[in-house]
Number of protein chains: 2
Amino acid sequence: MNDVLSVIETCPLLEGLPGPAKLTLAEQARNRAYGAGEIIYPPGALQSSLCIIAHGRVRICASNIAGREAILAILDVGAWFGDTVFSPGMPRVFGATAHEDCQVFEIQGEVLRATLRDNPEAYPVALDQVSRRLWSAMSVIQDDVLRGTEARIGRRLLFLAQMHNHSGQDGNVAVSFALTRELLANMMGMTRQGVHRVLKNIEAQGLIEFAYGRVTISDPERLSQYVDRLD
Amino acid sequence: MNDVLSVIETCPLLEGLPGPAKLTLAEQARNRAYGAGEIIYPPGALQSSLCIIAHGRVRICASNIAGREAILAILDVGAWFGDTVFSPGMPRVFGATAHEDCQVFEIQGEVLRATLRDNPEAYPVALDQVSRRLWSAMSVIQDDVLRGTEARIGRRLLFLAQMHNHSGQDGNVAVSFALTRELLANMMGMTRQGVHRVLKNIEAQGLIEFAYGRVTISDPERLSQYVDRLD
DNA sequence: TACTGACTGTCAATTTGTTTACACTTGGCC
DNA sequence: GGCCAAGTGTAAACAAATTGACAGTCAGTA
């Protein structure tokens, strides 16, 4: 998963492109490396380019005047970010920061858009993928506005578990993954202490366990049911 | 703005389609009328179709077990909803309800997708529009997670003012529009009383005035500056 | 003009989450 | 093995928003 072509080849967003077009994109992509914590672009940036992660993880985040950070997502190898490419002129809403040392391929907006124009059969997939991101965003909004902290955290945990569970197995198999309370707090727009209290409450129901930097969902199916009963 | 063709012709999402394709779509569109409060589709619905408003206004909303309603947006004539058409199989996140008596043209997902495939020059515009919706959704998320109620409400008021201000004039001209506190509360995921307190506070700064079912932004430019200084 | 339903203002009690402060683990590294 | 930074648990004081309760206002209609 490290050279340009294989990364571009497996990126879901570009799945619809024919081989030769992917090759051309690969040739025009810019290879960039970032150290942990380095800013790839800040919120509000006006550039129009698509980034695909070749190595490491990237944090999509923003912060307010008071210095509080909000993390929208932490993306892994193979994921893309910078969907504003499709609306040139719009500033980026969230910024992107290297969550750890990482390597990113950057495709200029004009290059990408031209490639798609020349290979229109790739549009349906791209449209589908962007539309799915919109779907996810709407789910987040719904959760934020409609649900209490416990339901929100529960749902987020289930979502993260799903992300980590590429293996496809689902249901009542325990899922364990690395996640600090601090990170989760930033994802939820809460404080570390607030998250802690909620987490302890969910643990008391026997639905999760948590250790240093790690959360384990004992029975995802049951957690899901529990969460659905909350408002 | 009432017959099928003119509605489809002016819908931003379909702007890229050539005339004849629009005509074909118009012929295949289903004309539906809804009484105020009637459900067009509920949250979670699995159907895949695109709706364009020909008359009246539509509320995009969801509600939790406790009965609280969250309003994502209230769309006006000419607007479209149901972006999940581009990701068939995904359930709708929010539902759609007739906010007042209204008339809606519904285009089946398969029809729309086939039309786009046959007229690929329309894709860039569609992709741009969906991407803009994603942009808006991300802005909402950022506001929800990062900002306090006062900043959130201020920003939302400015956004609503912009919606109502097709005239293009901007800056320090007062903008007035119909909006009940109750509606605003549902939009913000707050209570009527909570909104009231915040609104009174903003009013105390001389930035807005409000009357029965109506809000007036005295000086949008100044409100914008005020809001930006808050976290 | 009186009636009515939707909308509104206000306030105390209560819930909920943040702030502040401090002591304690954990795991990697020299 | 000991050091240290990052992560964690806990709790009281505090801030902010919801709840619940009630009286008042507005605009349209009979």
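Because only heavy atoms are used, hydrogens play no part in the values below, and waters and symmetry mates are left out as well, while side chains stay in. Naming: A, B, ... by sequence-line order, numbering from 1 per chain.
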Determine, for A/Asp143 against A/Arg155, whether the closest basic-nitrogen to carboxylate-oxygen distance falls under 4.0 angstrom.
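Judged by the 4.0 Å cut-off on N to carboxylate O distance, A/Asp143 and A/Arg155 do form a salt bridge.
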Exercise for review: State whether A/Arg68 and B/Asp231 are salt-bridged, where the test is any N-O pair (Lys NZ or Arg NE/NH1/NH2 against Asp/Glu carboxylate O) under 4.0 Å.
Suggested key: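 Not counted as a salt bridge, because no side-chain N and carboxylate O are separated by less than 4.0 Å.
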Measure the distance from [atom1] on [X] to [atom2] on [N] and round it to the nearest whole Å.
X: A/Met188; N: C/dT16; atom1: CE; atom2: P; answer: 17 Å
X: B/Arg181; N: D/dT18; atom1: CZ; atom2: C1'; answer: 19 Å
X: A/Arg214; N: C/dG28; atom1: CZ; atom2: P; answer: 12 Å
X: A/Asn201; N: C/dG17; atom1: CG; atom2: C1'; answer: 14 Å
X: A/Tyr212; N: D/dG9; atom1: OH; atom2: P; answer: 11 Å
X: A/Asp231; N: C/dT15; atom1: CG; atom2: P; answer: 15 Å
X: B/Glu203; N: C/dT8; atom1: CD; atom2: P; answer: 14 Å
X: A/Glu182; N: D/dA5; atom1: CD; atom2: P; answer: 16 Å

May I ask you to establish whether B/Arg214 and B/Phe177 are in a cation-pi arrangement, using a distance under 6.0 Å from NZ or CZ to the six-membered ring centre and at most 45° from the ring axis?
no
Check for me whether B/Arg92 meets the cation-pi criterion with A/Trp135, that is, NZ or CZ under 6.0 Å from the six-membered ring centre and within 45 degrees of the ring axis. no
### Query
Between D/dT19, D/dT25, C/dA21, which one does the side chain of B/Gln193 approach most closely?
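Closest nucleotide to the B/Gln193 side chain: D/dT19.
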Ranking D/dG7, C/dT19, C/dC11 by distance to the side chain of A/Thr191, first place goes to C/dT19
Legend entry - Earlier contact from the 5' end, DNA chain D, for B/Arg192 and B/Thr149: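 Result: B/Thr149.
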- Query: Looking at B/His196, does any N or O in its side chain come under 4.0 Å of the phosphate oxygens OP1/OP2 on C/dT10?
  - Reply: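 Checking B/His196 against C/dT10: at least one side-chain N or O falls below 4.0 Å of OP1 or OP2.
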Are any of B/Arg197's side-chain N or O atoms less than 4.0 Å away from OP1 or OP2 of D/dA17? yes
By nearest-heavy-atom nucleotide on DNA chain C, the more 5' of B/Gly213 and A/Val195 is B/Gly213
Heavy atoms of B/His55 and B/Cys102 approach each other most closely as O-CB, 2.8 Å
